[in-house]
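First the structure, in the form of structure tokens, and then the observations on it.
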Amino acid sequence: MVLPLLLLLLLLPASSPQPLLNPNSSQPDPNPISASHPSQCLTGNPIDDCWLCSPADRFRLADCAIGFGRSAIGGKNGRLYIVTDPSDSDPANPIPGTLRHAAIQFAPLWIIFSTSMSIQLKQELLVNSFKTIDGRGVEVHIAGGSCIAIKNVSNVIIHNLHIHDCVPAGDAVIRSSPIEADHHGKSDGDAISIVSSQDVWVDHCALSSCADGLIDVTRGSTRVTISNNFFSRHDKVMLLGHSDDYTGDSEMQVTVAYNRFGEKLVQRMPRCRHGYFHVVNNDYTEWEMYAVGGSANPTINSQGNRYTAPADPNNKEVTERIDTAEEQWSSWNWRSDGDIMANGAFFVPSGDGSAAMYEKASSVEAKPAELIDQLTLNAGVLGRLKRDGGGQILGGGGGGGGGGGGLGDSKFPGMGFSGGAPPPLFGIQLLLPLSILITIIIYSC
């Protein structure tokens, strides 16, 4: 009986390598990304030029942030988590394989998606520290329910997602970590709410049509970059600062860069309170009330933007000081530096031009506004990504709506912490060795 036992040990499939992609692993990223055409990345946009121009693993994105949120590393030092299940049946006890299950973990994670999917969240998605949610390679919509909340955490990257038609939720128990599930009150219906958090980067998303704001940054949050996004079809686009009375936002620093503000937008692009705000190299194509506004003495540094005023002759002004008399706002430091004013747009500056104040509201070198078309070429969700002959994913193109596509057949079915390990043998692959083994056992007995 010794021979059959030895043969049994030899023929049993070897255990698969641990399906984890460790930091600095020698294993390749299962979905390396590159641009399909050099014209898509050689734009002068320092974020896209950093990662989109040459083949690189997903983690390279974390080295490409600019502005006040440049230290946000997300899940760079963690492992890949593949979301395979778009459901959100129980926010208090999320199912493995869902986006919620990935987002609440303690460990750093780089969260990707096995295929294109639409996720309707029952309650706001509470994202833990050191997470990247990366929709590249597929088309991911978070829509029709509650949306993303980044609260009391740090180092979060949100990248390449469609987020729209978000509605209020709450008054429910929601899990925020593997060991903590608490009752939460009503949410406002923001697409992305950033509360009391630091080192956050929102990049290459398409946001529209939510109940409240598209991006709100409040309650002491700081070191935030909002870049390369496409905003459309919304009233109150972006709030930076909780309230006039909340002085905890006095040191807030936010960069708004390389975004396209598209059709049917009304106001708050952004609306600022307290703090220091660098609005740089954005393309404003429409507004109904105003583009850049604020209250409570914020410092606003507008550089290299293109402001195209609407046709309405009564809405040509870019700026709006909200509920404040001129004798008060005249000392606020607001400046326009190198902006293009199109179709009669005009920016009303104020303040004494204090170099020290504007230094605190400066975060990245502004490019000439004449380059806006190139700088915002890929704004919004990057388009359809497809594999080339070598298995790499090739970029399709930017835009407000984004493209479609998918990762193709995943090598890692089910919930995946993936590192490129092959799946275990099964089915017909085992029939031949099992047949041989049975024959040997029969003749040896």
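- Asp244 and Ser295 form a side-chain donor-acceptor contact under 3.5 Å, judged by distance and modelled atom types alone.
- Counting only distance, with no hydrogens or angles, the side chain of His234 and the backbone of Asp212 share a donor-acceptor pair below 3.5 Å.
- Heavy atoms of other residues, nucleotides or ligands lying less than 6.0 angstrom from CG of Asp323 number 12 at most.
- Remark: Trp287 engages no residue in a ring pair (Phe, Tyr, Trp, His ring centres under 6.0 Å) (not counting sequence neighbours).
- Side-chain polar atoms of Thr84 and Ser114 form no donor-acceptor pair below 3.5 angstrom.
- Between the Ser116 side chain and the Glu139 main chain, a donor and an acceptor come within less than 3.5 Å of each other.
- In this structure, Phe106 has no ring pair (Phe, Tyr, Trp, His ring centres under 6.0 Å) partners at least two apart in sequence or on a different chain.
- Contacts classified as disulfide bond (SG atoms under 2.5 Å apart) and involving residues 76-131 (residues at least two apart or in different chains) are not found.
- Judged by distance alone, the side chain of Arg268 and the main-chain N or O of Lys236 form no donor-acceptor pair under 3.5 Å.
- Under the rule for a salt bridge (Lys or Arg N to Asp or Glu O under 4.0 Å), Asp188 has no partner lying at least two apart in sequence or in another chain.
- Disulfide criterion (SG-SG under 2.5 Å) for Cys210 and Cys166: not met.
- Listed by first and then second residue, the ring pair (Phe, Tyr, Trp, His ring centres under 6.0 Å) pairs involving residues 167-226 are His159-His204 (not counting sequence neighbours).
- In this structure, the side chain of Asn229 does not engage the main chain of Ala206 through any donor-acceptor pair within 3.5 Å.
- A donor atom on one side chain and an acceptor atom on the other are not found under 3.5 Å apart for Asp88 and Gln120.
- Residues that satisfy the salt bridge (Lys or Arg N to Asp or Glu O under 4.0 Å) test with Glu263, not counting sequence neighbours, are Arg233.
- Judged by distance alone, with hydrogens and angles left aside, the side-chain atoms of Ser221 form no donor-acceptor pair with the main-chain N or O of Val217 at under 3.5 Å.
- Once rounded to the nearest 0.5 Å, the distance linking CD of Gln303 with OG of Ser362 reads 5.5 Å.
- For Glu365, the CD atom is loosely surrounded, since the number of other residues' heavy atoms within 6.0 Å does not exceed 12.
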